[in-house]
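Single-structure report; data block below.
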Amino acid sequence: MPLISLIRYSTFAIAVFLAIVLTGLCAAGLIGWGWPLAALLLTALGVYDLVQRRHSVLRNYPIIGHLRFLFEFIRPELRQYFFESDTDSIPFSRQQRAIVYQRAKQQIDARPFGTHFDVYESGYEWLNHSAVPTKQESHDFRVPVGAIAQAGESASSCTQPYSASVFNISAMSFGSLSANAIRALNRGAMLGHFAHDTGEGSISRHHREFGGDLIWEIGSGYFGCRDAEGRFDEERFVANATLEQVRMIEIKLSQGAKPGHGGMLPAAKVTEEIAEARGIAAWSDCISPASHSAFSTPIELLQFIDRLRRLSGGKPVGFKFALGHPWEWFAIAKAMVATGITPDFIVVDGKEGGTGAAPAEFIDRIGTPMRDALVLVHNTLVGLRLRERVRIAAAGKVVTAFDIARAMALGADWCNSARGFMFAVGCIQAQACHTGKCPTGVATQDPQRQKALDPGDKSVRVLNFHRNTLKSLAELVAAAGLSHPSQLEPMHIVQRRSRGEVHSYATVYPRLQPGELLDSEAEPAVYRVFWSMARPDSFRPVT
């Protein structure tokens, strides 16, 4: 834990104490006015820090919080010694965070002395440009999700399609994030006309306050649509799903950072507000099972999707998952063919995503990275001629415009970001999420700490970050000679393997041809080995 967390208000208290004592000594004629004046100025600075709304750190850590900004000014690398853990060694994370801060605060992000990266280092990637760049008229790139029912289609077809931005807020629950963080995110989504995923903690009063578009995530705990025993409840589902603000419904099968794990929010953290949103008893353990009780086979999953689409009045319904055993994903795909039921969208969550609620071994060693999972899901749907019916979203350490471009080149229709929008509302990666002592009020339920986060100010930063990231994406797309990021292909992205070897993504990630899985077994090894093991009526492999 950062040392400053232990002395939150002590510096301000000391300044007040010294101001009183030194002023008294000066009045008694024992000392001059120099020291009392300095103490009074420090006290005035502390008072200003407490009442200003722009910097959450200063509101939670008056006076001493200025040291963080001093370190940033002198040398950005010194940030890790103040609020950040010395384990913050994720490649490029500090550069990504700097980009978010600049875009959220409307600062110029031009760089006068070249790239941050060693362009000859293995793993470096870039987007090839065109000799005939295009001119972008708008950065508001959108993708339709769900299709209006045609004559003869079932009543459960999607009749309320959603026009989604290609960049949206990824799943983060109220309970993990503070009320003010949720309010800031949702107001930003409302201002920018993009979507805010609720996370499995369901729809709270804070999600509803500003009316921003919601993707309602339903996990194995069925929060917001459960009965007293924790089973799915149709009546409660309809009450939330038919809210105008709810634009899409997402069934969470697994999360990239802790797939197959489940979780529990201890009773001490289950406040009245959290209990209200989740439909559980306050001050009691809140358990998220590792698996769902409403379905147990791939066919039952698709039938559940069909059921939710009908109950919601025809809104887009899909699922989110982190790819695990390939035959389980193939089983879902085969069930789509067998039943004729398809989700409106699939969110592919990569293991590189973060959470404050997963064991270290899960973070490091469980789950498939996003790019590999994304390619497999995209290729499978193409190989079954289902890709046009199912949209794909990608989530997993997506922060910059290049991250979005790369994911869309591999098959994504849009991207979700958690850490980028957390940075925008003030997260400084103090890595204290699990302690309840977040220094910026983002990931805490402490009412005093979260007061430091002003939703009005931070929602504008959320809007700025979204808008400026899409403006940058528009510039990348234009430089590549394209008119929309959906036109990006694997051939546009290049990866360095070694100092003398580079490959386009078209070589690194080969694509299947439409219908290839229907006509014959596909060539890539993953299909040769696992496709025949999958069956639509069970997640267990054929042996």
Side-chain angles (χ1 to χ4, degrees), residues 1-86 94 97-98 101-102 104-108 178-181 183-184 423-432 435-461 464:
M1 181 186 300
L3 177 61
I4 196 166
S5 297
L6 304 176
I7 51 176
R8 188 174 164 199
Y9 290 113
S10 60
T11 306
F12 178 58
I14 291 170
V16 172
F17 174 76
L18 288 176
I20 294 172
V21 172
L22 293 175
T23 300
L25 292 175
C26 182
L30 298 177
I31 61 173
W33 276 104
W35 288 108
L37 183 59
L40 287 168
L41 289 174
L42 276 180
T43 301
L45 177 63
V47 172
Y48 169 79
D49 290 343
L50 289 171
V51 300
Q52 59 83 35
R53 294 180 176 275
R54 186 171 178 79
H55 299 293
S56 301
V57 170
L58 298 182
R59 297 187 77 186
N60 269 331
Y61 300 93
I63 301 177
I64 198 170
H66 287 275
L67 289 177
R68 176 176 188 267
F69 300 103
L70 176 63
F71 288 160
E72 284 183 335
F73 177 76
I74 297 173
R75 186 179 178 189
E77 291 83 354
L78 291 178
R79 292 179 222 170
Q80 63 177 308
Y81 300 114
F82 198 67
F83 272 115
E84 299 165 15
S85 164
D86 57 8
R94 279 188 282 275
R97 189 164 62 251
Y101 291 161
Q102 288 170 337
K105 297 177 183 180
Q106 295 280 61
Q107 296 174 351
I108 297 174
S178 68
N180 279 356
R183 294 171 69 218
F423 293 161
V425 296
C427 171
I428 57 173
Q429 282 191 304
Q431 297 185 335
T435 68
K437 297 181 179 180
C438 172
T440 58
V442 176
T444 179
Q445 297 306 308
D446 184 326
Q448 295 304 315
R449 285 179 177 270
Q450 63 175 293
K451 279 183 181 178
L453 194 160
D454 176 38
D457 175 68
K458 294 302 187 288
S459 63
V460 174
R461 294 192 183 187
N464 290 340

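Worth knowing before you read on, the calculation uses all heavy atoms, side chains too, and leaves out hydrogens, waters and symmetry mates.
Nearest heavy-atom pair, K451 versus N180, reported as atom, atom and distance to 0.1 Å: CA-ND2, 4.0 Å. The shortest non-hydrogen separation linking I63 to F12 is CD1-CA, 3.8 Å. Across every non-hydrogen atom of R449 and P439, the tightest pair is NH1-CA, 4.0 Å. Residues F423 and Y101 share a closest heavy-atom pair of O-CE2, 3.4 Å. Annotation for N60 and Q448: closest pair OD1-O, 3.9 Å, computed over non-hydrogen atoms. Shortest non-hydrogen contact noted between K458 and A184 is CB-CB, 3.9 Å.
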Show me the donor-acceptor pairs, under 3.5 Å and distance only, between side chains in residues 16-45 and residues at least two apart or in other chains.
unit_1, atom_1, unit_2, atom_2, d
T23, OG1, A19, O, 2.5
T43, OG1, A15, O, 3.2
T43, OG1, A39, O, 2.9

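Checked against side-chain hydrogen bond (donor to acceptor under 3.5 Å, both in side chains), T444 has no partners two or more places apart in sequence or in another chain.
Considering NE2 of H55 and CG of D454, their distance stands at 12.0 Å, rounded to 0.5 Å. Between atom NZ of residue K105 and atom CG of residue D457 there is a gap of 9.5 Å, rounded to the nearest 0.5 Å. Summarising the geometry, atom CD1 belonging to I428 is positioned 9.5 Å from atom OG belonging to S56; distances are rounded to the nearest 0.5 Å. The CZ atom of R54 sits 14.0 Å away from the CG atom of D49 when rounded to the nearest 0.5 Å. Separating the CD atom in Q107 from the CG atom in N464 is a distance of 10.5 Å, to the nearest 0.5 Å. For the atom pair CZ of R59 and CG of L453, the computed distance is 9.0 Å after rounding to the nearest 0.5 Å.
No side-chain heavy atom of I14 sits under 4.5 Å from any side-chain heavy atom of T11. With contacts defined as side-chain heavy-atom distances shorter than 4.5 Å, the pair R461/V425 does not qualify.
In terms of modelled atom types and a separation under 3.5 Å, the side chain of Q450 and the main chain of A179 share a donor-acceptor contact.
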